[in-house]
Novice: 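Questions regarding the structure given below will be posed in turn.
All chains are named by letter (A, B, ...) in the order of the sequence lines, taking the proteins before the strands, and each is independently numbered beginning at 1.
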Amino acid sequence: MSAIRHALSIKRQDDFAQWYQEVVAAADMAEESGVRGCMVIKPWGYGIWERMQRLLDARIKAAGVQNAYFPLFIPLGNFVREAAHVEGFAKEMAVVTHHRLISDGKGGLIPDPEAKLEEPLIVRPTSETIIGDAMSRWVQSWRDLPLLLNQWANVVRWEMRTRMFLRTSEFLWQEGHTAHATRDDARAETMRALEMYRAFAEDDLSLPVIAGEKPENERFPGAAETWSIEAMMQDGKALQAGTSHYLGTSFAEAAGIRYQDREGGQQLAHTTSWGVSTRMVGALIMTHGDDDGLRVPPAVAPQQIVILPMLREDDGDAALLAYCEALRASLAGQTALGEPIRVLLDSRPGKAAARRWDWVRRGAPLIVEVGPRDMTEGKVAVLRRDRLWTEAGKPDFAFMPRESFVAEAAITLASIQQGLHAEAHARREANVERGIASFEALADFFAADKRYPGWAEVPWARPTGAALDAVVERLKALKLTFRNVPLGAGPAEGACLFTGEPAVERILVARAY
RNA sequence: CGGGGAGUAGCGCAGCCCGGUAGCGCAUCUGCUUUGGGAGCAGAGGGUCGCAGGUUCGAAUCCUGUCUCCCCGACCA
């Protein structure tokens with residue numbers, strides 16, 4: 001029995017879905033908007049997304065990809081060109097049909113029947129078609145290739161069931177779109193983007209992921225190959241945290257992206273697309289969150305250190321504030337994880353001991369409380385969010401000289417960044433089962449009632465078409481899905497769990513978000 | 001989109017069955033006390049009861065519709 005008085009009312013192990021929702025609210029990240037499937041992202045949540053944007057954008061630009069912006073609306077006629085793509089998205093589309101409102105005579109407004117659009121516009125669910133259209137004009141010669149574009153944008157998919165950050169009708173993302181002269185070049189770009197996402201997730205978000213290729217049934221509509229990074233959440237489910245697609249020439253054919261080669265012949269370009277979305281914020285919560293709220297990895301924390309002066313609303317406050325301001329300035333002059341330290345002096349009135357818990361729930365990596373006696377002694381009281389409690393169930397403050405804290409702040413932040421990754425990585429590795437040799441054993445593995453159903457990595461023969469569909473159905477009956485064929489998986493041995501044929505590779509099976 | 005549950009103050013809830021002045025806890029504000037770690041006492045402010053119709057002398061409460069959220073399913077780059 002624990003005497004700890006946690007900052008949340010719901011524990012992960014009691015109700016993971018409810019816990020997730022409480023973290024989103026308690027960490028002040030987002031709230032309901034009143035519009036189905038759409039959320040208001042609040043400053044702390046959006047600040048985390050902005051940090052993700054900044055770090056990923058730098059990686060994208062470092063690869064020579066340029067940012068551009070394409071329209072929100074796509075003419076319906078443009079969208080219908082790539083058959084598989086259309087089939088994949090048609091049933092979840094928002095459509096604009098009118099351009100004016102008129103009074104309904106009862107004090108309300110209705111779309112003006114006189115203002116119906118000749119051709120409806122769809123709200124982009126992704127931008128392959130509209131960017132492909134631009135590429136068809138921008139690509140003429142082999143000298144125009146490769147064409148490497150990215151856009152940061154919102155997209156809309158009319159989801160049947162939504163969850164904050166994980167699946168919303170409108171979400172924010174980046175979508176990279178590239179065109180290449182050859183299959184090899186395009187595939188190399190696909191893999192570069194995949195590796196970029198892996199490094200971004202692991203290094204910047206402390207999120208251990210497994211990069212690999214999606215099986216045929218999980219491919220992006222119209223893609224030749226789909227690759228993903230998969231992360232394990234604290235309930236053992238898998239979350240696809242980023243995807244990279246080699247699109248072959250089918251989108252180039254649909255959009256007319258052709259170039260003249262060195263011999264003067266007309267060739268179809270090979271295209272790719274790749275994306276990461278605000279879903280990543282959900283992955284962060286479900287990977288690093290604990291029973292006291294979120295824990296934000298320092299690299300993406302909007303504020304890495306929060307200073308809380310213990311104000312008493314008396315004459316001593318001025319001196320205490322000056323002491324804290326000096327502390328803030330000396331920290332802000334330091335560099336951690338390659339950037340100036342982001343430090344907030346939270347001097348709003350109120351008891352520091354009470355406001356501390358707001359920052360615990362938000363997951364600020366370091367919380368520093370400073371009282372009059374600390375000031376006199378030249379000390380600070382430091383609370384690390386990644387190790388909150390003492391054995392006795394009290395907040396684990398480290399009282400240390402101010403100068404020591406300042407001198408070690410960068411190292412401490414790097415240590416938290418690394419520690420969160422190590423913790424999540426150890427948890428995942430402890431819950432990936434690689435020794436399952438039969439379908440029955442697979443079913444047993446997932447039938448066991450345990451906190452982490454985890455993942456299974458099993459040999460398979462890579463069936464396709466109807467044979468694959470049959471396997472997918474068998475898995476669906478167990479609420480299981482294929483995740484990906486990990487790049488780093490060992491050589492396949494033995495028989496395919498699903499067909500009995502000699503295995504050709506190893507694939508991850510898991511419950512998934 | 002199918003089945004189930006829910007919407008009352010910023011948050012969590014009671015009241016509804018059986019119609020009759022809108023309640024509790026936390027939070028907020030004020031005062032006093034307290035002051036090394038999530039303070040105590042007293043007082044105060046804050047709600048067209050999701051929205052729209054209907055029944056009724058009278059609706060948070062009964063009826064109809066609708067919107068949103070949660071859970072299960074189907075769907076899901």
Novice: Are F79(A) and H85(A) an aromatic pair, judged by ring center distance below 6.0 Å?
Specialist: yes
Novice: Determine, using ring centers only, whether Y69(A) and W152(A) are less than 6.0 Å apart.
Specialist: no
Novice: How would nucleotides 72-77 of chain B be written as a contact map, 5' to 3', with B for base contact, S for sugar-phosphate-only contact and - for no contact, using protein heavy atoms under 4.0 Å?
Specialist: BBBSBB
Novice: Please state how far atom CZ in R355(A) lies from atom P in rA27(B), giving the value in whole angstrom units.
Specialist: 15 Å
Novice: Please classify the nucleic acid contact of W19(A) as base, sugar-phosphate, or nothing, using heavy-atom distances under 4.0 Å.
Specialist: nothing
Novice: Tell which nucleotide pairs with rC16(B), taking only Watson-Crick or G-U wobble pairs whose two distances are both under 3.5 angstrom.
Specialist: none
Novice: Could you check how far CG of L308(A) sits from C1' of rU35(B), rounded to whole Å?
Specialist: 17 Å
Novice: Just how far, in rounded Å, is C1' of rC11(B) from CH2 of W357(A)?
Specialist: 19 Å
Novice: Look for any protein N or O under 3.5 Å of an N or O in nucleotides 64-70 of chain B and output each such pair with its distance, or none.
Specialist:
unit_1, atom_1, unit_2, atom_2, d
rC69(B), OP1, G37(A), N, 2.8
rC70(B), OP1, Q21(A), OE1, 3.4

Novice: Using Watson-Crick or G-U wobble geometry with both distances under 3.5 Å, which nucleotide pairs with rC62(B)?
Specialist: rG54(B)
Novice: For the P atoms, the ones on rC17(B) and on rC71(B), what distance do you get once it is rounded to whole angstrom?
Specialist: 30 Å
Novice: Return the value, rounded to whole Å, for the distance between atom CG of D28(A) and atom C1' of rG10(B).
Specialist: 11 Å
Novice: For residues 186-201 of chain A, run the donor-acceptor check on the side chains, cut-off 3.5 Å, and write out each pair with its distance to 0.1 Å, sequence neighbours left out.
Specialist:
unit_1, atom_1, unit_2, atom_2, d
R187(A), NE, E225(A), OE1, 3.1
R187(A), NE, E225(A), OE2, 2.8
R187(A), NH2, E225(A), OE1, 3.2
E189(A), OE1, R192(A), NE, 3.2
E189(A), OE2, R192(A), NE, 3.4
E189(A), OE2, R192(A), NH2, 3.1
T190(A), OG1, A186(A), O, 2.9
E195(A), OE1, R198(A), NE, 2.8
E195(A), OE2, R198(A), NH2, 2.9
Y197(A), OH, Q174(A), OE1, 2.5
Y197(A), OH, W274(A), O, 3.4
Y197(A), OH, G275(A), N, 3.0

